[in-house]
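Both counts, for ligands and for their atoms, begin at 1 and track the order of listing.
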Amino acid sequence: MNILVTGGAGFIGSNFIYYEREVHPEDRIVCLDALTYAGNLSTLKPLLNDPQFRFVRGNIADRPFVRALFAEEKFDAVVNFAAESHVDRSVENPELFLRSNILGTQVLMDACREYGVARYHQVSTDEVYGDLPLDRPDLFFTEQTPLHTSSPYSASKASADLLVLASARTYGLPVTITRCSNNYGPYHFPEKLIPLMITRALADQPLPVYGTGENVRDWLYVKDHCSAIDLVLRKGRIGEIYNVGGHNERTNLDVVKTILAALGKPESLITFVTDRPGHDRRYAIDPTKIHTQLGWLPTTTFEKGIQTTIDWYLSNREWWENILKGDYQKDYERLYGGARLGENTK
Ligand code: NAD
Ligand code: DAU
C-alpha cells in the first residue's frame, strides 16, 4: 500500500510511522506535515534516506497543494493525525483549531473522493464525549455515548468526526474513526502533562498541577494506540467508530507523584496552580468493541510504559532540550507565565 500519514512529525504520527515501517516494511509511507511548533523533522531523521518513505511539508487545509499531492501519489489509504492538539492553546486561539482540525479534514476527504482512495482513517479522541463525573467510576465512554464537548479543541475534533460520518453517508467515502484516550511515550511534546513533568522535574523546576490534581485521565502507551490504528486500517469495518483505551485511569496527582518517585525527586516540587478553564474531570474509555470485533488488546502496563518513557527522556535529552531552547519556550511563558505559574492556589 501507499499510505499518506498526515501529522507524522508529531507525537503519535511519528510513532505510527515507525510502527508501520517495522510491522509492514512492504508498504510505502508518505508523511505530510506542516511542521508547526509541534512538528519536529528531527524525529523522523532515521527515515529520511529510507526509499519506502517520503516527507512532504505542507498544510492539510491547503486544497490546491493537497490535490496536487494526491494526483502525484495515488494513495491507497490516508491516516489523518494532523491537528492542533493542545487544549490550553485552543482556549487561547480557537480559530487555528478550526482551520487545521475541521477544514483540513474536509480537504483531505474531498481529495480522497476525487482520487478514489480506498480508505480514509480519522484519528480522533475520547475528548469528543466530554467528561464523566469523578464519583461515578461505573461510567465509561462507549461508541454510543453522545458527543458533548468542552473545549475549542474537543469541539473541533467532534466537528471533524461529524464531517467524516457525513462524507461516508452522503458520498459513500470508505471511512473509519478511532477515538483514543490519553497517550504517552517517546517524542511526546513537552507541553503535555507527562513529558512536561519529566523535563521540569529533571531541572528541579516547579511542577504546575491544575486545580486540585484530582482530574482523571485514562493513559495508553503510544505503541498500543498505533497497533489499534493499524488493525482498524487493515481489518476494521468501513463506516465504523472504534474506541481505544486500556482501562488505566489515574489522577493527575498520581501520575506526577509516580514520575517524581521514579526520578528520585521530592514531592515539594508540586505546585498547585489555577485550573484550566472548562477542565474535563474524568475520561474513561470502554474498549470492548475493538477487543471483541478485532481482537485488539494493549500490551504495555502503565508501570512498564512510564518507566520506558522516563528512560527515553533521560537518554534523548538533545531531542527535548532543542525544543525547549526554541520558540516553544516563548510560547510557554506567554501561555502560562503570569496566569498560571505565578499563582499558587494552595
Ligand atoms: P501533536 O501536536 O504532537 O502533532 C500534531 C502534528 O500535526 C504536528 O507534527 C504538526 O506539525 C502537524 N500539523 C498540525 N496542523 C497541521 C496542518 N494544518 N497540516 C499539516 N500538519 C499539521 O499531536 P499528537 O498528540 O501526536 O496527536 C495526533 C492526533 O491524535 C491528533 O489528531 C489528536 O487529536 C489525536 N489524539 C491525540 C491523543 C493524545 O493523547 N496526544 C489522544 C487521542 C487522539
Ligand atoms: O484524551 C485525549 C487527549 O489527551 C487528546 O485528544 C489531546 O490531544 C491530548 O493533548 C490530551 O489532552 P489532555 O488535556 O488530557 O492532556 P494534557 O497533557 O494537556 O493534560 C492532561 C491532564 O493534566 C489534564 O487534566 C490537565 C492536567 N495538566 C496539564 C498540564 C499541561 C496539569 O495539571 N498541568 C499541566 O501543566
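In terms of polar-atom proximity, Asn80 is not counted as a contact of ligand 1, lacking any N or O under 3.5 Å from an N or O of the ligand. At least one N or O atom of Phe11, backbone or side chain, sits closer than 3.5 Å to an N or O atom of ligand 1. Residue contacts with ligand 2: Thr125 is placed with a nitrogen or oxygen under 3.5 Å of a nitrogen or oxygen of the ligand (distance criterion only). At a 3.5 angstrom cut-off on N or O pairs, Thr36 counts as close to ligand 1. Taking any N or O of Ser85, backbone or side chain, at least one lies under 3.5 Å from an N or O belonging to ligand 1. Checked against a 3.5 angstrom limit, the closest N/O atoms of His225 and ligand 1 fall outside it.
The proximity of Val87 to ligand 2, defined as any non-hydrogen pair under 4.0 Å, is limited to the side chain. When heavy-atom distances to ligand 1 are checked against a 4.0 Å cut-off, Phe97 has no atom that comes that close, whether in backbone or side chain. Under 4.0 angstrom from ligand 2, the non-hydrogen atoms of Glu127 all belong to its side chain. When non-hydrogen atoms are compared, ligand 2 lies under 4.0 Å from neither the backbone nor the side chain of Val273. When heavy-atom distances to ligand 1 are checked against a 4.0 Å cut-off, Lys157 comes that close only through its side chain, counted from C-beta outward. Under 4.0 Å from ligand 1, the heavy atoms of Leu35 that appear belong solely to its backbone. Looking at Asn182 against ligand 2, both its backbone and its side chain come within 4.0 Å, counting heavy atoms. Contacts between Ser181 and ligand 1 below 4.0 angstrom, taking non-hydrogen atoms only, involve the backbone exclusively.
Taking atom 33 (C) of ligand 1 as the reference point, the nearest protein heavy-atom neighbour is Tyr153 OH, 3.5 Å. For atom 7 (O) of ligand 1, the closest heavy atom belonging to the protein is Gly7 CA, 3.4 Å. Summary of contacts: the protein heavy atom closest to atom 27 (O) of ligand 1 is Ile12 CD1, 3.9 Å. Of all protein heavy atoms, the one lying nearest to atom 4 (O) of ligand 1 is Gly10 CA, 3.4 Å. Annotation: atom 9 (O) of ligand 1 to nearest protein heavy atom, Asp33 OD2, 2.6 Å. The protein atom (non-hydrogen) at minimum distance from atom 15 (N) of ligand 1 is Ser100 OG, 3.7 Å. Among all protein heavy atoms, the one lying closest to atom 19 (N) of ligand 1 is Ile60 N, 3.0 Å. In this structure, the protein non-hydrogen atom closest to atom 43 (C) of ligand 1 is Cys180 O, 3.4 Å.
Taking 4.0 Å as the cut-off, Tyr37 does not count as a neighbour of ligand 1 on heavy-atom distance. Under a 4.0 Å heavy-atom criterion, Phe81 is in contact with ligand 1. Not a single heavy atom of Lys157 sits less than 4.0 Å from an atom of ligand 2. Proximity of Gly8 to ligand 1 is not established, as no heavy-atom distance is less than 4.0 Å. In this structure, Ser14 does not count as a contact residue of ligand 1, since none of its heavy atoms falls inside 4.0 Å of the ligand. Put simply, part of Val123 is less than 4.0 Å from ligand 1, judged by heavy atoms.
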Problem set entry | Worked check of side-chain contact (heavy atoms from CB on, under 4.5 Å) between Leu193 and Tyr210 | CA-CA 10 Å; Leu193 181 76; Tyr210 298 168; over 6 Å; no

Problem set entry | From CA spacing to verdict: side-chain contact (heavy atoms from CB on, under 4.5 Å), Ser14, Leu44 | CA-CA 7 Å; Ser14 60; Leu44 298 171; 4.0 Å; yes

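Here atom 24 (C) of ligand 2 lies nearest to His279 when heavy atoms of Glu84, Arg89, His279 are compared. The nearest non-hydrogen atom to atom 19 (O) of ligand 2, considering only Arg276, Lys192, Arg281, Met197, comes from Arg276. Nearest-heavy-atom check against atom 32 (C) of ligand 2 across Phe11, Tyr210, Tyr129 picks out Tyr210. The nearest non-hydrogen atom to atom 14 (C) of ligand 1, considering only Gly58, Ala83, Ala34, comes from Ala83.
Side chains of Thr6 and Asn80: a donor on one and an acceptor on the other come within 3.5 Å. A side-chain N or O of Lys192 and one of Ser85 form a donor-acceptor pair less than 3.5 Å apart. Looking only at atom types and distance, the side chain of Asn15 has no donor-acceptor partner in the side chain of His225 under 3.5 Å away.
Residue contact check: Val209 has heavy atoms under 4.0 Å from atoms 33 (O) of ligand 2. When each atom of ligand 2 is checked for a heavy atom of Tyr153 under 4.0 Å away, the hits are 5 (C), 6 (O), 7 (C), 8 (O). Which parts of ligand 2 touch Glu191 is read off a 4.0 Å heavy-atom cut-off, strictly below it: atoms 31 (C). Using a 4.0 Å cut-off to heavy atoms of Ala82, the atoms of ligand 1 that qualify are 7 (O), 20 (C), 21 (N), 22 (C). Near Leu196, the atoms of ligand 2 lying under 4.0 angstrom from a non-hydrogen atom of the residue are 36 (O). Each of the atoms 19 (O) of ligand 2 lies under 4.0 Å from some heavy atom of His86. The contact set between ligand 2 and Pro208, taken as ligand atoms under 4.0 Å from a residue heavy atom, comprises 32 (C), 33 (O), 34 (N), 35 (C), 36 (O). Close approach of ligand 2 to Asp126 (heavy-atom distance below 4.0 Å) involves ligand atoms 1 (O), 2 (C). Interface atoms of ligand 1 facing Gly39, defined by a heavy-atom separation under 4.0 Å, are 8 (C), 9 (O), 11 (O). Ligand-side atoms of ligand 2 in range of Tyr283: 1 (O), 15 (O), range being under 4.0 angstrom from any heavy atom.
Checking Phe16, Trp320, Trp319 one by one against Tyr187, the ring pair (Phe, Tyr, Trp, His ring centres under 6.0 Å) holds for a single residue, Trp319.
Between Asn2 and Lys74 the shortest side-chain heavy-atom distance does not fall below 4.5 Å. Within the 4.5 Å cutoff, the side chain of Tyr18 has heavy atoms near those of the Leu47 side chain. Side-chain contact between Lys289 and Asn243 is absent, with no heavy-atom pair separated by less than 4.5 Å. Looking at heavy atoms from C-beta onward, Thr299 lies out of side-chain contact with Tyr221 at the 4.5 angstrom threshold.
With hydrogens and angles disregarded, a donor-acceptor distance shorter than 3.5 Å links the side chain of Asn248 to the backbone of Trp219.
A salt bridge links Glu303 with Arg250; the closest basic N to acidic carboxylate O contact falls under 4.0 Å. For Asp110 and Arg113, the salt-bridge test passes: some basic side-chain N is under 4.0 Å from an acidic carboxylate O. Using a 4.0 Å cut-off between charged nitrogen and carboxylate oxygen, Arg63 and Glu114 do not count as a salt-bridge pair.
Remark: Arg28 is not positioned above the aromatic ring of Phe75, lacking an NZ or CZ atom under 6.0 angstrom from the ring centre and at most 45 degrees off the axis. The cationic group of Arg217 does not satisfy the cation-pi geometry with Tyr184, failing either the under 6.0 Å distance to the six-membered ring centre or the 45° limit from the ring axis.
Going from atom OH of Tyr153 over to atom CD of Glu127 covers 5.5 Å, rounded to the nearest 0.5 Å.
Aromatic pair Tyr313/His188: ring centres not closer than 6.0 Å.
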